[in-house]
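The structure appears right after this line, and notes come after that.
Chain naming here is simple, since letters A, B, ... match the order of the sequence lines and numbering starts at 1 in each.
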Amino acid sequence: MPVVTRIAPSPTGDPHVGTAYIGLFNHALAAQARARGEEGRFILRIEDTDRGRYVADSETRIFQMMGWLGLTPDESPLQGGPNGPYRQSERTGLYGDYARQLVASGHAYHAFETPEELSALREQAQGEGRVIAVPSRDLDPAAAQARVDAGEAAVVRLKVPREGETVVNDSLRKPIAFQNREIDDKVLLKADGFPTYHLANVVDDRRMEVTHVVRAEEWITSTPIHVLLYRAFGWPEPVWAHMPLLRNADKSKISKRKNPTSVEWYMDQGFLPEAMLNFLATMGWTHPDGLELFDLAEFQRVFRLEDVTLGGPVFSLDKLKWMNGKYLREVLSEDEVAKRLHAYLAGQKHELPLDKYFRAVVRMMIPRMDVFSEFLEKTSYFWSEDYPVNEKAQKLIEEGRPFLGNLAARLKNLPAFDQATTEAELRAFAEERGLKPGKVMQPLRAAVAGTGESPGMFEMLEALGRERVVARVERAARGG
RNA sequence: GGCCCCAUCGUCUAACGGUUAGGACACUACCCUUUCAAGGUAGCGAUACGGGUUCGAAUCCCGUUGGGGUCACCA
């Protein structure tokens with residue numbers, strides 16, 4: 001059985017984490033079909049029928065997001081495909097024909113109410129606790145057609161049956177029955193000739209041979225409209241599956257105000273796409289073996305739609321960060337982390353040479369950061385002699401002032417400057433003065449790093465090198 | 001408010017009629033340790049409530065409560 005899935009984002013702003021989330025599942029379903037040796041395609045279609053909310057660069061940024069995550073579609077406006085175009089604004093002629101087809105078959109009608117009339121009607125209907133009744137519905141079709149032909153502005157509305165019920169068979173839930181009398185006559189074609197979501201979505205899914213509609217839960221209530229449309233056209237329904245909505249901490253639908261929702265933010269912060277994907281996969285789904293860390297291929301191997309959990313998952317930045325740190329420490333190699341971090345920094349306009357020194361600093365920082373954006377702020381003293389010295393460090397330096405000068409001299413004359421040598425020397429130095437090693441190391445750390453938070457003393461000294469270290473300690477001894 | 005969906009630790013979740021209700025994040029303590037982390041160990045912490053069904057219910061049914069979504073010529 002072929003599996004054709006899609007995501008249908010609107011280019012109205014930042015590339016949204018919810019699009020990535022839904023994309024992950026759609027992408028996986030198509031990949032699974034291919035792995036079984038069956039037809040599987042994942043389509044990205046741009047739903048840009050609302051010219052009022054259109055944002056010019058939004059589409060490109062959606063492609064970038066999907067590419068970054070490795071959820072590249074098989075068909076899209078970018079790479080094309082057999083059932084294009086994949087931008088609804090380039091398909092407008094099509095929808096008018098389908099709308100007219102429904103008018104001709106009696107499943108839809110032309111309506112002439114103005115927005116003002118409609119809001120009055122709506123207010124009245126709501127007061128009476130019922131759905132809006134559109135007067136144009138009862139117009140004689142021929143008369144209505146004549147008005148349209150004469151150039152009068154009109155929309156096309158779906159003629160929802162007054163009786164009976166429409167059942168949505170969501171594959172994650174029990175059948176959901178909607179009373180037809182509670183469904184209003186949705187606009188299918190706007191006065192500007194553009195289709196609404198409902199029409200465009202159904203027509204395109206049909207023409208693009210979509211078999212599985214996996215989308216967010218917020219669409220459940222409009223699904224009966226879509227079911228009615230499929231029936232009106234005489235088309236078989238796709239499989240429906242409504243995924244839970246990602247939530248803010250207060251359980252409301254995830255929003256910009258309460259969470260970073262733009263995937264670009266996560267890119268800027270230096271999250272890894274692998275970690276992002278892994279984390280998203282755990283929103284509403286768990287690996288059957290309880291694995292916390294798994295890659296996209298593994299997800300595709302074991303994911304099953306029926307294992308999706310329906311409670312709305314709260315998007316936890318804490319857990320994402322933890323997971324990203326886990327990838328840095330346990331999944332990627334040190335070399336890979338260095339390369340990725342280097343590329344990240346270059347993208348942030350911080351060109352650093354990808355050399356032995358950089359790699360040494362990265363090695364020390366891997367257990368000390370969760371995301372790349374933390375790297376520079378925690379390692380300033382590795383890159384400049386003009387590093388900040390905090391208050392606590394200043395105090396420690398003063399405590400160490402009596403011996404820092406001597407210590408500098410000792411370090412300067414060491415036969416080597418590797419970890420073993422500096423450690424032995426430091427311990428000896430402390431013992432000679434009747435000090436605990438810590439009493440020497442703390443001021444030394446403060447002098448060399450300007451902070452009490454640093455990697456291990458001796459690997460840090462070795463990485464910095466004798467020259468830097470001695471100069472810094474001498475400077476601290478002088479009180480500079 | 002009408003309609004619809006949902007309901008296990010603070011959060012993500014396991015359990016698919018029989019477990020001392022398990023794991024992970026966060027938090028706390030301890031260990032490791034030259035600091036900060038990382039890592040290890042332990043602790044804290046949940047079946048929303050009320051009725052059924054059943055020998056037995058987190059699990060099935062009903063109700064209540066709570067949360068969420070949706071009610072546009074936006075998607």
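Residues A:Y197 and A:H226 bring their aromatic ring centres within 6.0 Å.
One finds the CG atom of A:L229 at 11.5 Å from the OG1 atom of A:T223 (value rounded to the nearest 0.5 Å). Put simply, CG on A:N26 and CZ on A:F42 are 5.5 Å apart, with the number rounded to the nearest 0.5 Å.
Pairing for B:U35 is absent, with no Watson-Crick or G-U wobble pair whose two atom distances lie under 3.5 Å. Pairing for B:U59 is absent, judged as Watson-Crick or G-U wobble with the two contacts each under 3.5 Å. For B:C71, the paired nucleotide is B:G1, the pair qualifying as Watson-Crick or G-U wobble because both relevant distances are below 3.5 Å. Pairing for B:U20 is absent, with no Watson-Crick or G-U wobble pair whose two atom distances lie under 3.5 Å. In this structure B:A48 sits in a base pair with B:U64, meeting the Watson-Crick or G-U test at under 3.5 Å. Checking B:U53 for Watson-Crick or G-U wobble geometry (two distances, each under 3.5 Å) identifies no partner in any strand. Pairing of B:G43, defined by two Watson-Crick or G-U wobble distances under 3.5 Å, is identified with B:C27. Pair assignment for B:C9 gives none, since no Watson-Crick or G-U wobble pairing has each distance under 3.5 Å.
Taking the six-membered ring where tryptophan is involved, the planes of A:Y21 and A:F25 are perpendicular, since the angle between them exceeds 60° and thus also 30°. Between A:F375 and A:W383, the two ring planes are tilted [angle within 30° to 60°].
Within the 4.0 angstrom heavy-atom criterion, only backbone atoms of the sugar-phosphate kind lie near A:T49; the bases stay farther away. At a threshold of 4.0 angstrom between heavy atoms, the contacts of A:V187 are confined to the sugar-phosphate backbone, with no base atom among them. Within 4.0 Å (heavy atoms only), A:P455 reaches at least one base atom of the nucleic acid. Note on A:P288: nothing from the nucleic acid sits closer than 4.0 angstrom, heavy atoms only. At the heavy-atom level, A:M283 lies under 4.0 Å from the strands shown only through sugar-phosphate atoms.
Comparing B:C62 with B:A42, their C1' atoms are spaced 43 Å from each other, to the whole Å. Nucleotides B:A15 and B:U47 place their C1' atoms 11 Å apart, quoted to the nearest Å. Comparing the same atom, C1', in B:C5 and in B:A14 gives a spacing of 23 Å after rounding to whole Å. Atom name C1', nucleotides B:G63 and B:G56: the rounded distance is 23 Å, in whole Å. B:U34 and B:C12: their P atoms are spaced 40 Å apart (whole Å). Between B:A57 and B:C3, the two P atoms lie 33 Å apart (nearest whole Å). Comparing B:C16 with B:C30, their C1' atoms are spaced 38 Å from each other, to the whole Å.
Enclosure of atom NZ in A:K190 by more than 12 non-hydrogen atoms of other residues, nucleotides or ligands within 6.0 angstrom is indicated. Shown here is A:E123, whose CD atom has no more than 12 heavy atoms of other residues, nucleotides or ligands within 6.0 Å. Heavy-atom neighbours of A:E306 CD from other residues, nucleotides or ligands within 6.0 Å: above the threshold of 12.
One finds a salt bridge joining A:D335 and A:R359 here, because a Lys/Arg side-chain nitrogen approaches an Asp/Glu carboxylate oxygen to under 4.0 Å.
Within residues 161-169 of chain A, no residue is approached by RNA chain B to less than 4.0 Å at the level of any non-hydrogen atom.
Residues A:D48 and A:D250 each lie close to RNA chain B; by heavy-atom proximity, the contact nearer the 5' end of the strand is made by A:D250. Nearest-nucleotide mapping onto RNA chain B: of A:R122 and A:P313, the residue sitting toward the 5' end is A:P313.
Annotation: cation-pi pair A:R247/A:F315 absent, no NZ/CZ under 6.0 Å from the ring centroid and within 45° of its normal.
Nucleotides of RNA chain B with any atom under 4.0 Å from a heavy atom of chain A span, from 5' to 3', B:C3 to B:A75.
Take A:E398 and apply the salt bridge (charged side-chain N to carboxylate O under 4.0 Å, His left out) test, not counting sequence neighbours, and it matches no residue.
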